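Here's the structure we're looking at; comments come further down.
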Amino acid sequence: MELPSSLKPFFLLLFVSCLLNVSTIISQSLKQEDVLFGGKFQALYVIGDSLVDSGNNNYLPTKVKSNFAPYGSDFEGGKPTGRFSNGKTIADYIAIYYGLPLAPAYMGLSEGQKNNISTGINYASASCGVFPATGKQLGECLSMDVQVNYFKETIDKNLKKRFKTKPELSKHLAKSLFMIAIGINDYVFLYNKTIDPNEFAEKLLHEYMTQIQRLQRLGARKFFINNLKPLGCYPNTLARNVPSGSCNEGANLLISIFNTKLRKALAHFKEKLAYTSFLYSDYFKFMLGLRGPSSNQASSNLMDTTSPCCPSVYDGGQYTSCTPDSIACKVPDSHIFFDPFHPTQMANFMYAIGCFQERRVCKVV
């Protein structure tokens, strides 16, 4: 049953207060021995799309950018950085949990900065995907292959200067965490109803795992794998469904086919690749869980699960998004989504709780 509107602000404040108290628990867990996936990582390297882009698209000729207000309103200093949220991304919270600095955007670094950084770099690029053609309709972006190429360039041009011997470099890479969060845009831009869902998922998985193998050959040993989000439950989709606010189960089924194949492939690679480990993040299930007990109806949760914070007046258009002229909602923490395609900082923080503290989202393969 829906709460009276007069009571929602009170319960929301109480809810947020409880969550913020849990952040202290997360900080304390860093000092404990039982850190998820072992911890003690020297660096965090991020391969992904707009879910974790920390500003790479700022430096590319593309329509897909977020380097303007109201993006970044709750980030450090309140300035937009190119993150597609009002604040931190899930990649940022992963860095925080493991006691690492937030991984800077590769495209924004000078050569001198690249030579001096050994705590990780973010190569993620909004609108891009696993297939080279994905997202190019909107301008230039960095596909998964290009991101791995840039990581190889980081090794050859920068890390080899910092780690003088091959054993030192190998140890650094083996003790670094590689986060992968990419693939949903391949469905957005390239999938259509004439394509067999299993065949598309297999082709996508083949290209995905090819890049995982490339990273492994370059020295990566610890992987944080984020599966694909439930595309059918995002505001740009929800607004067009009947009844309004209900998820598109067909779209979610397509994504779940890939996610199931991905989980099995990681288990296979765990046996195949020596000294290689995978932490599997069920982001799909997490985002569905934020809606409440059912994805077939608009949720009655305290947080708004169907409309974005920005723009505050959303017309449900497939391409309507947050622009420099947009007015955002006054309390982003009251929403799951900041814009029609990306979560708020609060949703990302709740993910961190579910992954690292409750340990129901992230599991070692």
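Keep in mind it's a predicted model, so treat the numbers as computed, not measured.
- Without hydrogens or angle criteria, Lys65 side chain to Leu60 main chain gives a donor-acceptor distance under 3.5 Å.
- Phe356 and Val364 fall within a single hydrophobic cluster, where Ile, Leu, Val, Met, Phe, Trp and Tyr are joined by side-chain heavy atoms under 4.5 Å apart, directly or via other members.
- Lys160 is listed as a side-chain neighbour of Leu169, based on a closest heavy-atom distance under 4.5 Å.
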Would you sort out whether Tyr106 and Tyr123 count as a ring-ring contact (aromatic ring centres under 6.0 Å, His included), showing the intermediate values?
CA-CA 6 Å; Tyr106 177 82; Tyr123 305 90; 5.1 Å; yes
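- A salt bridge links Arg214 to Asp145: one of the charged nitrogens lies within less than 4.0 Å of a carboxylate oxygen.
- Side-chain N/O atoms of Ser50 and His342 include a donor and acceptor closer than 3.5 Å.
- Contact check for Met346 versus Asp74: no side-chain heavy atoms found under the 4.5 Å cut-off.
- For residues 105-189, the disulfide (SG to SG under 2.5 Å) pairs, not counting sequence neighbours, are Cys128-Cys141.
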Begin from the C-alpha positions of Tyr187 and Phe200 and carry the test ring-ring contact (aromatic ring centres under 6.0 Å, His included) through to its verdict.
CA-CA 9 Å; Tyr187 279 92; Phe200 186 88; 4.8 Å; yes
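- Salt bridge present: Asp92 and Arg83 bring a charged side-chain N and a carboxylate O closer than 4.0 Å.
- Counted by atom type alone, Arg162 and Ser118 present one or more donor-acceptor pairs between their side chains at under 3.5 Å.
- Although no hydrogens or angles enter the test, the distance criterion places no donor-acceptor pair under 3.5 Å between the side chain of Glu202 and the main chain of Asn198.
- The CG atom of Leu266 sits 12.0 Å away from atom CD of Glu271, with the distance rounded to the nearest 0.5 Å.
- For the pair Thr344 (side chain) and His335 (backbone), a donor-acceptor distance under 3.5 Å is present.
- A salt bridge does not link Glu140 to Lys136: none of the charged nitrogens lies less than 4.0 Å from a carboxylate oxygen.
- Residues Phe338 and Phe341 are members of separate hydrophobic clusters, defined by side-chain heavy-atom contacts under 4.5 angstrom among Ile, Leu, Val, Met, Phe, Trp and Tyr.
- For Lys203, the NZ atom sits in a loose shell: 12 or fewer heavy atoms of surrounding residues, nucleotides or ligands are nearer than 6.0 Å.
- For the pair Phe258/Lys261, no side-chain contact is recorded, criterion being any heavy-atom separation below 4.5 Å from C-beta on.
- Counting only heavy atoms from C-beta outward, the side chains of Ser277 and Lys270 approach each other to under 4.5 Å.
- Side chain of Ser170 to backbone of Pro167: no donor-acceptor contact under 3.5 angstrom is found.
- For Ile327, the CD1 atom is loosely surrounded, since the number of other residues' heavy atoms within 6.0 Å does not exceed 12.
- Screening residues 321-330 for side-chain hydrogen bond (donor to acceptor under 3.5 Å, both in side chains), with sequence neighbours left out, gives Thr323-Ser326.
- Each of Tyr314 and Val331 belongs to its own hydrophobic cluster when Ile, Leu, Val, Met, Phe, Trp and Tyr are linked at side-chain heavy-atom distances under 4.5 angstrom.
- Counting only distance, with no hydrogens or angles, the side chain of Asn241 and the backbone of Ser246 share a donor-acceptor pair below 3.5 Å.
- Looking at Thr81 and Tyr71, their side chains never bring a donor and an acceptor atom within 3.5 Å of each other.
- Of the candidates Phe284, Phe286, Tyr234, Lys229 forms a side-chain contact (heavy atoms from CB on, under 4.5 Å) with just one, namely Tyr234.
- The side-chain tip of Lys175 does not point at the ring of Phe41 from less than 6.0 angstrom away and within 45° of straight on.
- Separating the CG atom in Leu109 from the NZ atom in Lys114 is a distance of 6.5 Å, to the nearest 0.5 Å.
- Listed for the Asp49 side chain is no donor-acceptor partner under 3.5 Å among the backbone atoms of Gly129.
- Judged by distance alone, with hydrogens and angles left aside, the side-chain atoms of Asn348 form a donor-acceptor pair with the main-chain N or O of Lys88 at under 3.5 Å.
- Put simply, the side chain of Tyr93 reaches to within 4.5 Å of the side chain of Phe349, judged on heavy atoms.
- Side chains of Cys247 and Asn252 form a contact here, defined as non-hydrogen atoms less than 4.5 Å apart.
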Step-by-step salt bridge (charged side-chain N to carboxylate O under 4.0 Å, His left out) determination, Asp34 to Arg359
CA-CA 12 Å; Asp34 187 24; Arg359 303 197 177 184; 3.6 Å; yes
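- Between the side chain of Asn227 and the backbone N or O of Tyr283 there is at least one donor-acceptor pair closer than 3.5 Å.
- Side chains of Ser125 and Asp53: no donor on one and acceptor on the other come within 3.5 Å.
- For Arg263 and Tyr280, the positive end sits near the middle of the six-membered ring, less than 6.0 Å away and at most 45° from its axis.
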Go through the steps to decide whether Phe278 and Phe269 satisfy the test ring-ring contact (aromatic ring centres under 6.0 Å, His included), and finish with yes or no.
CA-CA 9 Å; Phe278 299 98; Phe269 271 58; 7.1 Å; no
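- Residues Asp304 and Phe337 are not in side-chain contact: their nearest non-hydrogen atoms beyond the backbone lie 4.5 Å or more apart.
- Hydrophobic clustering (ILVMFWY, side-chain heavy atoms < 4.5 Å, transitive): Tyr191 and Leu262 are in one cluster.
- Between the side chains of Ser73 and Asn86, not a single donor N or O lies within less than 3.5 Å of an accepting N or O.
- Remark: the backbone N or O of Gln345 is paired with a side-chain donor or acceptor of Ser85 at under 3.5 angstrom.
- Arg291 is listed as a side-chain neighbour of Thr306, based on a closest heavy-atom distance under 4.5 Å.
- For the pair Lys222 and Phe178, the cation-pi test (distance below 6.0 Å, angle within 45°) is failed.
- When all heavy atoms are compared, the tightest approach of Tyr208 to Ile182 is CE1-O, 3.6 Å.
- In this structure, the separation between CG on Asp196 and CD1 on Ile257 is 8.0 Å, given to the nearest 0.5 Å.
- Here the CD1-CD1 distance, from Ile180 to Ile225, works out to 5.0 Å after rounding to the nearest 0.5 Å.
- Residues Tyr150 and Ile121 are members of one and the same hydrophobic cluster, defined by side-chain heavy-atom contacts under 4.5 angstrom among Ile, Leu, Val, Met, Phe, Trp and Tyr.
- Sulfur-sulfur distance for Cys362 and Cys355: below 2.5 Å, consistent with a disulfide.
- When atom types are taken as modelled, the side chain of Thr237 and the backbone of Leu231 share a donor-acceptor pair closer than 3.5 angstrom.
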